[in-house]
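Each chain gets a letter, A, B and so on, in the order the sequences are listed, and its residues count up from 1. On a predicted model such as this, the values are computed, not experimentally measured, just so you know. Side chains are part of it too, since the values below use all heavy atoms of this structure and drop only hydrogens, waters and symmetry mates.
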Amino acid sequence: MIPLYRPGDSTLHRMPVGAKFLGIFLAALAASLFRENLWVLLTIWTAVLSGYLFAGVGLRGLLAQLWRLKWLVVVLTVPQLIFLTPEETGFNVSRVLAVVLLAALFTLTTATSDILAACEDALRPIDRPLRRVGLSAERISLALSLTIRSVPVILSFYAEIREAQRARGMRPTPRATVMPLLVMSLRHAEETAEALAARGVR
Amino acid sequence: MAMFAALVAVLGQLPAIPLAGGVPITLQTLGVMLAGAVLGPWRGAGAIVLLHLLVAAGLPLLAHGSGGLGVFAGPTAGFALGWIPGAFLVGLITQASWPLRLWRTITGTVLGGILVVYACGLPVMAFQLGLSLEQALLLNLAFLPGDVIKAVIAIMLTQPLARAYPAPFTHARRRRTSHGPAR
């Protein structure tokens with residue numbers, strides 16, 4: 001599992017996670033509040049372009065991002081051309097694209113571990129009310145790291161199931177694949193819970 | 001919970017299984033329905049929240065390896081976020097009694113897994129694209145058959161699983177012991 005993050009050393013990379021997140025959130029909000037405003041749109045596109053160039057992702061990286069979004073563009077454009085005028089369509093598509101690209105910039109320039117750490121820091125002040133409902137900052141971050149670890153485990157379960165099916169010449173119907181996957185995952189979850197309990201984690 | 005969040009993620013990555021008519025669909029929303037049905041409302045919705053936190057943190061866990069904050073800025077954000085109340089409702093209805101009743105599983109899966117998700121997804125899509133709700137609905141009709149098939153699979157999996165392997169269905173089992181005689 002390869003995170004979408006791209007290592008680098010630009011100002012954007014070194015910005016605190018919270019500030020970056022807030023900036024993107026405000027930009028997205030502005031884009032959807034002033035949806036008919038050409039200037040807001042141009043400002044955001046300028047921010048996107050300068051951001052990508054500044055972060056060392058470059059034009060090539062921007063084009064790669066756009067290529068990733070090719071289906072989004074198709075899905076956005078075709079139906080709108082049916083219902084709306086071409087002008088409105090262009091406006092809408094470019095607005096959505098700008099916001100998505102800006103959000104992708106956050107993902108590109110922020111390490112997953114930094115985001116998770118920031119998330120934990122944000123949870124810490126509200127630890128007490130969390131405890132009242134049976135949660136805590138530690139438990140949440142434990143669950144998050146368990147999830148990351150489980151993805152390759154479950155993928156290996158899937159590989160096992162496929163191999164067994166192939167050996168018996170079975171067609172992989174969704175039902176015949178998901179059922180053993182479910183049982184294996186649930187059993188693995190139980191074993192993990194036992195192992196955690198044995199180590200004193202409740 | 002963590003395991004199920006990972007399971008939903010993996011279901012989104014599996015090679016889309018071509019169903020009748022050759023329409024490839026991913027099984028990610030099947031995972032959402034199963035999360036609610038198997039884990040119950042709280043832990044089911046919790047698994048989806050975990051998944052979304054990791055997606056927002058930049059891991060490519062959604063269908064076809066998409067992820068990152070961009071997912072929550074795009075026009076389909078409402079659908080992804082709708083999974084949270086969706087899984088909750090699936091769990092609430094499906095696990096209202098123990099042993100599970102077939103009609104409850106069917107109602108829960110259809111209401112939570114399809115209706116709630118669409119109810120959250122369509123307004124966001126309509127707003128983002130500047131369409132009306134009816135137009136947005138029309139666009140998404142193409143996905144409805146796939147979702148119905150996934151609901152059927154979820155129901156066909158939940159019922160036998162509850163009989164063969166009742167351990168994870170804690171919400172429903174606790175309800176029974178709190179009302180009826182102790183185990």
Fill in the blank from the handout: Residues of residues 156-165 of chain B with a heavy atom under 4.5 Å from any heavy atom of chain A, in residue-number order, are B:Met156, B:Leu157, B:Pro160, B:Leu161, B:Tyr165
Rounded distance (nearest 0.5 Å) linking atom [atom1] of [X] with atom [atom2] of [Y]:
X        : Y        : atom1 : atom2 : result
A:Ile148 : B:Leu54  : CD1   : CG    : 5.0 Å
A:Asp114 : A:Thr109 : CG    : OG1   : 10.0 Å
A:Leu186 : B:Phe169 : CG    : CZ    : 8.0 Å
B:Ile93  : B:Thr107 : CD1   : OG1   : 6.5 Å

Practice task
With a 4.5 Å cut-off on heavy-atom pairs, point out which of A:Leu116, A:Leu108, A:Ile115, A:Leu101 contacts chain B the most.
Solution key: A:Ile115
Problem - Interchain contact, A:Arg187 with chain B, by part (heavy-atom threshold 4.5 Å) - result: both
Problem - Which portion of A:Val183 sits near chain B, non-hydrogen atoms under 4.5 angstrom - result: both
Exercise for the section: Heavy-atom distances under 4.5 Å only: say whether B:Leu51 touches chain A with side chain, backbone, both or neither. Expected result: neither
Handout entry: Structural part of B:Val38 lying under 4.5 Å from a heavy atom of chain A
Key = side chain
Handout entry: Sequence neighbours excluded, every pair satisfying side chain to side chain donor-acceptor pair (under 3.5 Å) that has a member inside residues 77-95 of chain B
Key = none
Handout entry: Test side chain to side chain contact (heavy atoms under 4.5 Å, CB included) applied to A:Phe21 - qualifying residues, sequence neighbours left out
Key = A:Phe106, B:Leu69
Problem - Check: B:Arg104 side chain, B:Ala96 main-chain N or O, donor-acceptor pair, under 3.5 Å - result: no
Problem - Residues which pass ring pair (Phe, Tyr, Trp, His ring centres under 6.0 Å) with A:Tyr52, listed by chain and number, not counting sequence neighbours - result: none
